[in-house]
Amino acid sequence: MARTASFQFDPNQEHQLRAIEAAVQLFDGLPRQDAAAFQLGDDIIPNLPPNESLDEAWLLDNLNAVRAANDFGPSLLLDVDEGLVLDGAGIDSWRFPVYTVEMETGTGKTYVYLRTIYELRKRYGWRKFIIVVPSVAIFEGVRQSFEDMQEHFKSLYENETVHLTPYASAQISRLRSFASSTFTEIMVMTVDAFNKSGNNFYKPTEKLPGERLPFQYVQETRPILILDESQNYLSARSREALRTLHPLFAINYSATPGERPNLFYRLGPLEAFQQGLVKKIDVIGVTEQ
C-alpha cells in the first residue's frame, strides 16, 4: 500500500542545527568547488580536482576550533584512516580523515546527516555522497526517510535537485549516472554490497561498457562518506572496503560509535534527557550474587 501521510519537520531544532553547523565549519575557508572546471573523462565529476587533497594541518586547525565551540579539548593530531584497499580492487592504499558525531537514538540522527549533505553542497559545492549502512532494514529506512523529507529540504534549499539512488547490483549501470550527474547525488549502500572482492561492484559487466570497472566510477568522484551506525565498520575488511571507495573524507554517525576519531559533536543520553529530547534513560546495573 502506498504511503499517503504528510510529515511536518521542524527545521529549527537547536541540537540538530548545532550538529549540522559543526560539520560544515570543519571546512570553513575552503573555496566552493566548481564541478564544470574539472570534469574527467566520460564526464565523471569528482568532489575535488584530480590529484588534489585537503590539507591536513588546516583541517586540524578547523577541527580544534569546532571542538572548542562544543566544549572539547584540543586534538594534537588529525585522525585519519590509512591502509590497503580491498584485494582485487588494485594494489594501492588510501588515506582520508574520519570525523565523528555521537547522537543519542531518537534525536534525529538521519535528519541531521541528510541536511548536512545539503549544507555541504550549498557551502562548498560538493555533490557526491555515499551513505553506508549495516543492514537492509536501515537501508530501507534511509530511503524512506529521504522520501519523507524531500519536500521539506526543497523548501529550505530553493528547490535544490538532489537524487538518492539505492545501490543494487542488478541496476549497476546507475553508477555511471551517479558519477556524471551535475546534480547532488547520494547513493545508499549496505556494507555487504562492497566488502568482498567477489561482489558485482568489482566485476566487469556489459551494463557498463568500457575500460572502467563499476567501483572505479565511484572512486573517481572522490565521494564523501556518511557512515550510519559506524560501530559496524571497525573490522579490517570493512575498513579496506571503505578505503576502496577513495573517499574525500568520512563522518561517523552513531549513538554508540565504539571508536571516536575526530569527535566534534556529542549529544549523549544524559544530555538528551536533560534537554527533553528523550523520555528516559536506562542505567544498567551489575549486582553480585
Side-chain angles (χ1 to χ4, degrees), residues 9-30 32-33 47-48 54 59 62-63 65-67 69-70 72 79 96-133 138 141-158 160-165 183-189 221-230 233 242 245 247-255 257 260-267 272 277:
F9 297 95
D10 182 356
N12 300 310
Q13 293 286 317
E14 182 179 355
H15 70 284
Q16 296 175 345
L17 294 177
R18 286 181 58 203
I20 295 163
E21 185 61 22
V24 172
Q25 289 176 349
L26 292 170
F27 311 99
D28 189 36
L30 185 74
R32 198 172 190 277
Q33 306 300 306
N47 270 326
L48 274 187
L54 298 172
L59 288 176
N62 277 7
L63 171 66
V66 173
R67 282 176 60 87
N70 286 281
F72 298 121
D79 293 320
F96 63 99
V98 183
Y99 299 94
T100 301
V101 171
E102 183 177 346
M103 288 188 71
E104 176 65 2
T105 301
T107 59
K109 170 171 57 72
T110 303
Y111 178 92
V112 165
Y113 68 62
L114 287 174
R115 187 165 170 183
T116 296
I117 288 173
Y118 279 81
E119 282 292 329
L120 291 173
R121 165 72 175 108
K122 177 181 177 180
R123 307 276 188 101
Y124 306 114
W126 290 323
R127 47 173 57 82
K128 309 293 181 179
F129 299 85
I130 297 178
I131 300 172
V132 181
V133 298
I138 297 178
V142 172
R143 183 192 61 77
Q144 188 61 62
S145 292
F146 179 80
E147 183 177 317
D148 293 339
M149 297 174 190
Q150 197 167 23
E151 291 304 315
H152 168 74
F153 288 139
K154 283 184 177 181
S155 70
L156 295 177
Y157 295 95
E158 300 178 344
E160 171 82 14
T161 299
V162 176
H163 298 141
L164 184 137
T165 301
F183 297 111
T184 305
E185 297 290 335
I186 305 170
M187 186 154 54
V188 184
M189 305 181 74
T221 69
R222 303 286 303 279
I224 294 167
L225 303 186
I226 303 296
L227 305 181
D228 194 346
E229 302 294 346
S230 58
Y233 319 121
L242 295 174
L245 300 178
L248 185 61
F249 61 86
I251 306 180
N252 295 329
Y253 287 86
S254 177
R260 296 168 173 82
N262 297 322
L263 177 68
F264 66 91
Y265 181 83
R266 182 178 189 272
L267 180 67
L277 302 173

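Not measured: the values here are computed from a predicted model. FYI, side chains are in, hydrogens and waters are out, and symmetry mates aren't considered; it's all heavy atoms of this structure.
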If only side-chain N and O atoms count, and only distance matters, is there a donor-acceptor pair under 3.5 Å linking [Y] with [X]?
X	Y	answer
Tyr99	Asn252	no
Gln25	Asp28	no
Thr184	Arg127	no
Arg115	Tyr157	yes

Can you see which heavy atom on [X] is nearest to which on [Y], and at what distance?
X	Y	value
Pro11	His152	CB-CE1, 3.8 Å
Leu120	Ala23	CD2-O, 4.5 Å
Leu245	Pro223	O-CD, 3.4 Å
Pro97	Leu59	CG-CD1, 3.8 Å
Phe96	Leu248	CB-O, 3.9 Å
Leu263	Leu63	O-CD1, 4.5 Å

Is there side-chain contact between [X] and [Y], with at least one heavy-atom pair below 4.5 Å?
X	Y	answer
Phe72	Val66	no
Asn70	Arg266	no
Tyr265	Ile251	no
Ile20	Tyr113	no
Glu151	Ser155	no
Leu277	Glu104	no
Thr100	Phe264	no
Val98	Asp79	no

Subject >> Intermediate values then yes/no, side-chain contact (heavy atoms from CB on, under 4.5 Å), Tyr253 and Glu229 >> reply: CA-CA 6 Å; Tyr253 287 86; Glu229 302 294 346; over 6 Å; no
Separation of [Y] [atom2] from [X] [atom1] (nearest 0.5 Å):
X	Y	atom1	atom2	value
Ser230	Leu225	OG	CG	12.0 Å
Asn47	Thr221	CG	OG1	6.5 Å
Leu164	Arg143	CG	CZ	9.0 Å
Leu267	Lys109	CG	NZ	12.5 Å
His163	Phe146	NE2	CZ	8.5 Å
Ile226	Met187	CD1	CE	13.5 Å

Original post:
Ignoring hydrogens and geometry, is there a side-chain-to-backbone donor-acceptor pair from Arg32 to Lys122 under 3.5 Å?
Top reply: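 Yes, Arg32 side chain to Lys122 backbone: donor-acceptor pair under 3.5 Å.
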**OP:** List the steps and the verdict of side-chain contact (heavy atoms from CB on, under 4.5 Å) for Thr165 and Val188.
**Re:** CA-CA 6 Å; Thr165 301; Val188 184; over 6 Å; no
**OP:** Show the numbers, then the answer: is there a side-chain contact (heavy atoms from CB on, under 4.5 Å) between Val112 and Met103?
**Re:** CA-CA 10 Å; Val112 165; Met103 288 188 71; 3.9 Å; yes
Original post:
Would Arg260 and Glu102 count as a salt bridge (Lys or Arg N to Asp or Glu O under 4.0 Å) if you check the C-alpha gap in whole Å, the side-chain angles of each, and the deciding distance to 0.1 Å?
Top reply: CA-CA 8 Å; Arg260 296 168 173 82; Glu102 183 177 346; 2.8 Å; yes
**OP:** Determine whether the aromatic ring centres of Phe153 and Tyr111 lie less than 6.0 Å apart.
**Re:**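 Yes, close enough.
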**OP:** Taking the six-membered ring for Trp and the single ring otherwise, decide whether the centroids of Phe27 and Phe249 are under 6.0 Å apart.
**Re:** yes
**OP:** Would you sort out whether Leu54 and Leu30 count as a side-chain contact (heavy atoms from CB on, under 4.5 Å), showing the intermediate values?
**Re:** CA-CA 9 Å; Leu54 298 172; Leu30 185 74; 4.1 Å; yes
**OP:** Let me see the working for Arg123 and Glu119 under salt bridge (Lys or Arg N to Asp or Glu O under 4.0 Å), right down to the final yes or no.
**Re:** CA-CA 6 Å; Arg123 307 276 188 101; Glu119 282 292 329; 3.2 Å; yes
